[in-house]
Structure formats: structure tokens, C-alpha cells
There are 2 protein chains.
Amino acid sequence: MKIDDAAARLEALGNPTRLKIYRTLVRAGHAGLPVGRLQERLKIPASTLSHHIKSLLAVGLISQVREGTTLLCHAEFDTMRGLVDFLVAECCTEDAQCQGARTAA
Amino acid sequence: MKIDDAAARLEALGNPTRLKIYRTLVRAGHAGLPVGRLQERLKIPASTLSHHIKSLLAVGLISQVREGTTLLCHAEFDTMRGLVDFLVAECCTEDAQCQGARTAA
DNA sequence: ATACTATTTCTACAATATTCGAAATATGCG
DNA sequence: CGCATATTTCGAATATTGTAGAAATAGTAT
């Protein structure tokens, strides 16, 4: 993952409202959750919610599938995994006597 | 980790300049790196660098120790680990047939 | 004290983000 | 078609962030 992509994803997760949206979707797992259900649970005005969802979509952290009249949102677990890998990668590569921080991976 | 703390840390890492600073420190490992060395490597004006370092300090992602006339910066690996754990935690807790995304942890 | 290096604080400005109501669009149904 | 529901786009106000030059502070040595 390029550093600018990683930064964009981290920034997307760095807003409390968006992080709550994302976490709710992560908890929902592969089943996903419609936008409307997210709105009920999080009590966010529809336009605000839509705006944040768009940000998460733009960086590939979530995806959407239309299911009739509703839009199902899913967390993109591969993207999350890639981001986590990026964070723990290259740990201590310049530190000869580094022993264990890399176990975070 | 509370969600607002996680968001604050993710936001701190969500700026490309700050992420570069952080990664450089992660690579430097436990040995750390003085502010001045960071400035040389990243070619960032001192005031801008100082500003970003303060952000990373504020959320506990890095720490500083004075070493004579220079300030040594270190990545706080425990904080990073906590953040990574937060990201992969509670994956699919509402999805009965979730099978593997949690292996990201 | 003076000088020198390292780093931060001050200050200001442009750019971007967040929020949300109102209006617009999309889908499905009778 | 016409209506109901789901969701997005528009528009605009307000707040926050990123950037960096100039000035200030901190530490060390002479």
C-alpha cells in the first residue's frame, strides 16, 4: 500500500462519526447493513451519514450493493487487513537490536 | 481503547506528512531519532515539523526524551499495538457465520 | 556573558472538513 | 402513472487543519 493511500484511509477512520459508522459495519460482518439501519442506530441526519459513507467508499474501506430500494454497506476486510499490515510493517528496520515490536503483526 | 482516542490517533496518522514522520520513527525503532535528523531526512520546515510532532505526542503515538541539546523522538509501539488491536477487535460480532476476517488480528 | 545550535511558539492565511436542511433522484408497488 | 420509501446531492454556515516565516526559548560550551 502506498503511503498516501494509507494516510487517506487513516484519515477516513480518524473522524469519530466515521469511525463509529465503520465499526458498526465491521461488527455487522459480511452480512452488511443498509444505510437506513445505520441511520437508526447512530442517529445521524441522513445527509451527514451519506456524506461520511461516501468518504469511506472513496478510500475502499467499505463497499455498497443495492438490494432493491436499500443500499447494503459492507466493511471491506481486505482493505483493513492491508492497512493494519502497513502500520506494523517495516518496524525497526533500521534498529539492529530490535527484538519484539514486530510481533504486533 | 475508547473510540474517541482511537479516532484521534487515526486522525493523527491520517495526514501524509505526519504519517511519514511516524513511519520514519517506526523504522528507527527503539533507538529513536532527533527532531533535527527528521528534518534533514524529510525536508520539512522546522516549524511545520514541530507542529506535527506535537500532534503525534498529544495522542501518545510518539514520545520525546531530551538528550543534551537535541530531542530524541521514539515511536510508542504499545500505542500502535493498541490501535491495531482496536481496529481488528469486534470483527463480525453480529455475524453468526463469520469465519475468518478475525485472523487479521 | 556571549555565541552557537536545536527546537518551539507566535502569527497569519489559505484550504479543507463537518454539519445538516431542503430539494432532487432512484426503486418498487399498485 | 402516481405514490411511498430510501438515499443522495446541493448549498451554505461554521470550524478546523496544514503550512511556514519570524521571533523566542533552551541547552551547552567558551
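Treat the numbers as computed from the prediction; the structure is a model and nothing was measured. Lettering follows sequence order; numbering is per chain, from 1.
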Find the distance B/Leu56:CG to C/dT7:P and express it as a whole number of Å. 16 Å
From the list C/dC20, D/dT8, C/dT8, which nucleotide is the closest neighbour of the side chain of B/Ser50? C/dT8
Which nucleotide, D/dA6, C/dT19, C/dA6, lies nearest any side-chain atom of A/Thr70? D/dA6
In whole Å, what is the span from the NZ atom of A/Lys54 to the C1' atom of D/dT9? 7 Å
Which nucleotide in the list C/dT8, D/dA20, D/dT8 gets nearest to the side chain of A/Leu71? D/dT8
Considering just the side-chain nitrogens and oxygens of A/His51, establish if one lies under 4.0 Å of OP1 or OP2 belonging to C/dA17. no
Between B/Arg18 and D/dT17, is there a contact of a side-chain N or O with OP1 or OP2 at under 4.0 Å? no
Show your working on salt bridge (Lys or Arg N to Asp or Glu O under 4.0 Å) between B/Asp5 and B/Lys2 and close with a plain yes or no. CA-CA 5 Å; B/Asp5 291 333; B/Lys2 283 179 196 153; 5.4 Å; no
Could a donor-acceptor pair under 3.5 angstrom be found where the side chain of B/Ser47 meets the base of D/dG21? yes
Is a donor on one side and an acceptor on the other found under 3.5 Å between the side chain of A/Arg18 and the backbone of A/Ala12? yes
Protein-nucleotide distance (B/Ile44, atom CD1; D/dT19, atom C1'), rounded to Å: 11 Å
If I take atom CG in residue B/Leu72 and atom P in nucleotide C/dT8, what distance separates them, rounded to the nearest angstrom? 12 Å
Once you round it to whole Å, what is the distance between P of C/dT7 and CG of B/Leu57? 13 Å
Can you check whether B/Asn15 has a side-chain N or O nearer than 4.0 Å to OP1 or OP2 of D/dT17? no
Between B/Phe86 and B/Arg9, is any pair of side-chain heavy atoms under 4.5 Å apart? no
Between D/dA20, D/dT9, C/dC20, which nucleotide has the shortest distance from any of its atoms to the side chain of A/Pro45? C/dC20
d(CD, A/Gln39; P, D/dT7) in whole Å: 8 Å
Do you know which two heavy atoms are closest between B/Leu38 and B/Thr24, and how far apart they sit? CD2-CG2, 3.7 Å
As a test of reading the structure: which of C/dT19, C/dT8, C/dT7 is closest to the side chain of A/Thr17, going by heavy atoms? C/dT19
Please tell me if B/Thr69 has a side-chain N or O lying less than 4.0 Å from either OP1 or OP2 of C/dA6. no
Here the distance between atom P of C/dT7 and atom CD1 of B/Ile21, to the nearest Å, is 13 Å
Whichever of A/Ser55 and A/Gly68 has the more 5' nearest nucleotide on DNA chain C, that residue is A/Ser55
Between A/Glu11 and B/Ile53, which is nearer to the 5' end of DNA chain C once each is assigned its nearest nucleotide? B/Ile53
Within the pair A/Gln64 and D/dT8, is there a side-chain N or O less than 4.0 Å away from OP1 or OP2? yes
Check whether any side-chain heavy atom of B/His74 sits under 4.5 Å from a side-chain heavy atom of B/Leu25, and report yes or no. no
Would you say the side-chain atoms of A/Thr79 pair up with the backbone N or O of A/Gly60, donor to acceptor, closer than 3.5 Å? yes
Gap between atoms NZ and P, on A/Lys43 and C/dT19 respectively (whole Å): 18 Å
Below 4.0 Å: OP1/OP2 of C/dA26 and any side-chain N or O of A/Arg66: no
